[in-house]
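The model shown is predicted, which means the values in this text are computed figures rather than measured ones.
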Amino acid sequence: RSSDLTGSGKTYTMEGPDEVDYETMGMIPRAVRQIFQSAEELECKGWKYNFTANSLEIYNESIRDLLVSRPEKNVEYEIKRLSPASDELHVTNLHYVNVSSEEEVHKLLRTAKANRSVAKTILNDRSSRSHSVFQLEIGR
């Protein structure tokens with residue numbers, strides 16, 4: 001559950017430790033590995049995929065692009081529905097990065113992790129009131 005107590009290991013479960021290895025990798029790196037392995041296997045059968053990644057943080061009701069180390073001033077991010085008939089969402093001004101390997105995705109995940117805010121509160125100095133989202137879009 002995303003509402004579990006602070007310090008209960010949600011981020012660690014999803015991301016794993018800073019140095020990714022097979023034994024300790026989190027759910028996101030494991031899923032990325034499986035996706036790229038499957039894509040490679042299917043390429044032999046004539047299936048070709050392209051991948052686009054992005055990562056954002058929602059903190060104090062504002063959106064921040066986690067793939068940008070030095071954000072430009074006055075850039076606004078807004079969540080928009082692509083069309084009234086679609087459930088697909090798009091974030092304006094967010095960086096969408098083409099990736100072609102598991103290693104490239106891991107590099108982006110490290111960048112996003114380094115750029116993520118961790119806020120301290122009076123009640124709990126380990127508390128983070130932010131939520132991060134990593135998206136890997138798979139296209140043909």
Side-chain angles (χ1 to χ4, degrees):
R1 288 184 3 208
S2 64
S3 61
D4 284 342
L5 296 174
T6 295
S8 64
K10 297 178 299 297
T11 300
Y12 187 85
T13 298
M14 296 305 292
E15 297 175 4
D18 289 338
E19 293 300 319
V20 176
D21 69 45
Y22 186 75
E23 292 296 316
T24 61
M25 66 174 51
M27 291 178 68
I28 293 172
R30 287 178 191 275
V32 167
R33 170 169 281 175
Q34 185 173 6
I35 288 166
F36 279 98
Q37 284 176 344
S38 296
E40 189 175 315
E41 292 169 11
L42 291 170
E43 193 168 1
C44 300
K45 298 177 182 180
W47 293 71
K48 179 75 174 140
Y49 295 94
N50 54 55
F51 303 92
T52 306
N54 66 69
S55 187
L56 62 86
E57 174 183 52
I58 301 172
Y59 178 72
N60 283 341
E61 298 183 20
S62 62
I63 296 171
R64 191 168 142 220
D65 190 336
L66 291 177
L67 299 183
V68 176
S69 295
R70 295 180 184 211
E72 297 175 33
K73 292 182 179 177
N74 301 322
V75 173
E76 291 190 22
Y77 301 101
E78 188 177 353
I79 301 172
K80 292 188 171 198
R81 193 177 301 273
L82 284 182
S83 74
S86 172
D87 287 336
E88 194 172 347
L89 301 176
H90 177 80
V91 179
T92 60
N93 299 314
L94 190 67
H95 284 79
Y96 292 82
V97 180
N98 292 323
V99 291
S100 58
S101 70
E102 179 181 351
E103 293 75 26
E104 288 179 359
V105 173
H106 289 307
K107 184 177 177 184
L108 291 178
L109 289 170
R110 284 191 299 272
T111 298
K113 190 173 192 175
N115 290 332
R116 187 160 183 223
S117 295
V118 178
K120 293 184 177 182
T121 66
I122 294 170
L123 295 176
N124 185 345
D125 66 1
R126 294 179 56 199
S127 175
S128 171
R129 296 185 180 268
S130 71
H131 300 277
S132 65
V133 176
F134 172 77
Q135 182 180 28
L136 181 65
E137 185 177 319
I138 305 169
R140 288 198 39 178

A.B. asks: For the OG atom of Ser55 and the NZ atom of Lys113, what is their distance to the nearest 0.5 Å?
C.D. replies: 12.0 Å
A.B. asks: Check Arg81 against Leu89 and note the closest heavy-atom contact, atom names and distance.
C.D. replies: CA-CD2, 3.9 Å
A.B. asks: What is the minimum heavy-atom distance between Leu67 and Ala53, and which atoms define it?
C.D. replies: CD1-O, 4.2 Å
A.B. asks: How far apart are the closest heavy atoms of Ile63 and Tyr77, and which atoms are they?
C.D. replies: O-CD1, 3.2 Å
A.B. asks: Look at the rings of Trp47 and Tyr49 and say which category their plane angle falls in: under 30° parallel, 30 to 60° tilted, over 60° perpendicular.
C.D. replies: parallel
A.B. asks: Calculate, to the nearest 0.5 Å, the distance between atoms CD1 and CG belonging to Ile79 and Leu56 respectively.
C.D. replies: 7.0 Å
A.B. asks: Please report, to 0.1 Å, the donor-acceptor pairs under 3.5 Å made by any side chain of residues 133-140, with sequence neighbours excluded.
C.D. replies:
{"unit_1": "Gln135", "atom_1": "OE1", "unit_2": "Asn54", "atom_2": "ND2", "d": "2.9"}

A.B. asks: Apply side-chain hydrogen bond (donor to acceptor under 3.5 Å, both in side chains) to Thr111 and list each qualifying residue two or more places apart in sequence or on a separate chain.
C.D. replies: none
A.B. asks: Working to the nearest 0.5 Å, report the span between CZ of Phe36 and CD of Glu103.
C.D. replies: 8.5 Å
A.B. asks: Sequence neighbours left out, what passes side-chain contact (heavy atoms from CB on, under 4.5 Å) with Asn50? Give chain and number order.
C.D. replies: none
A.B. asks: Looking only at heavy atoms, what is the nearest atom pair of Asn93 and Glu76, with distance?
C.D. replies: ND2-O, 2.6 Å
A.B. asks: Please examine the side chains of Asp65 and Glu57, heavy atoms only from C-beta on, and report whether any two atoms are closer than 4.5 Å.
C.D. replies: no
A.B. asks: Side-chain contact test, heavy atoms from C-beta onward, threshold under 4.5 Å: evaluate it for Val105 versus Phe51 and give yes or no.
C.D. replies: no
A.B. asks: Which pairs count as salt bridge (charged side-chain N to carboxylate O under 4.0 Å, His left out) when at least one residue sits in residues 90-99, sequence neighbours excluded?
C.D. replies: none
A.B. asks: Examine Val32 and Leu42 and state if one hydrophobic cluster contains both, with Ile, Leu, Val, Met, Phe, Trp and Tyr joined whenever side-chain heavy atoms are less than 4.5 Å apart.
C.D. replies: yes
A.B. asks: Taking only residues two or more places apart in sequence, or in another chain, which ones meet Thr92 in a side-chain hydrogen bond (donor to acceptor under 3.5 Å, both in side chains)?
C.D. replies: none
A.B. asks: With sequence neighbours left out, write down each residue that passes salt bridge (charged side-chain N to carboxylate O under 4.0 Å, His left out) with Arg110, or none if nothing qualifies.
C.D. replies: none
A.B. asks: Do Thr52 and Asn98 have side chains that get closer than 4.5 Å, going by heavy atoms?
C.D. replies: yes
A.B. asks: Go through the structure and list residues passing side-chain hydrogen bond (donor to acceptor under 3.5 Å, both in side chains) with Asn74, not counting sequence neighbours.
C.D. replies: none
A.B. asks: If you round to the nearest 0.5 Å, how far is CG of Asn115 from CG of Leu66?
C.D. replies: 6.5 Å
A.B. asks: Suppose the criterion is side chain to side chain donor-acceptor pair (under 3.5 Å): which pairs have a residue in residues 30-43, not counting sequence neighbours?
C.D. replies: Arg33-Glu102
A.B. asks: Quick one: pull up CD1 in Ile28 and OG in Ser132 and give me the separation to the nearest 0.5 Å.
C.D. replies: 7.0 Å
A.B. asks: List the residues meeting ring-ring contact (aromatic ring centres under 6.0 Å, His included) with His90, not counting sequence neighbours, and say none if there are none.
C.D. replies: Tyr96
A.B. asks: Please list, chain by chain and in numerical order, all residues satisfying side-chain contact (heavy atoms from CB on, under 4.5 Å) with Glu88, sequence neighbours excluded.
C.D. replies: Leu82, Ser86
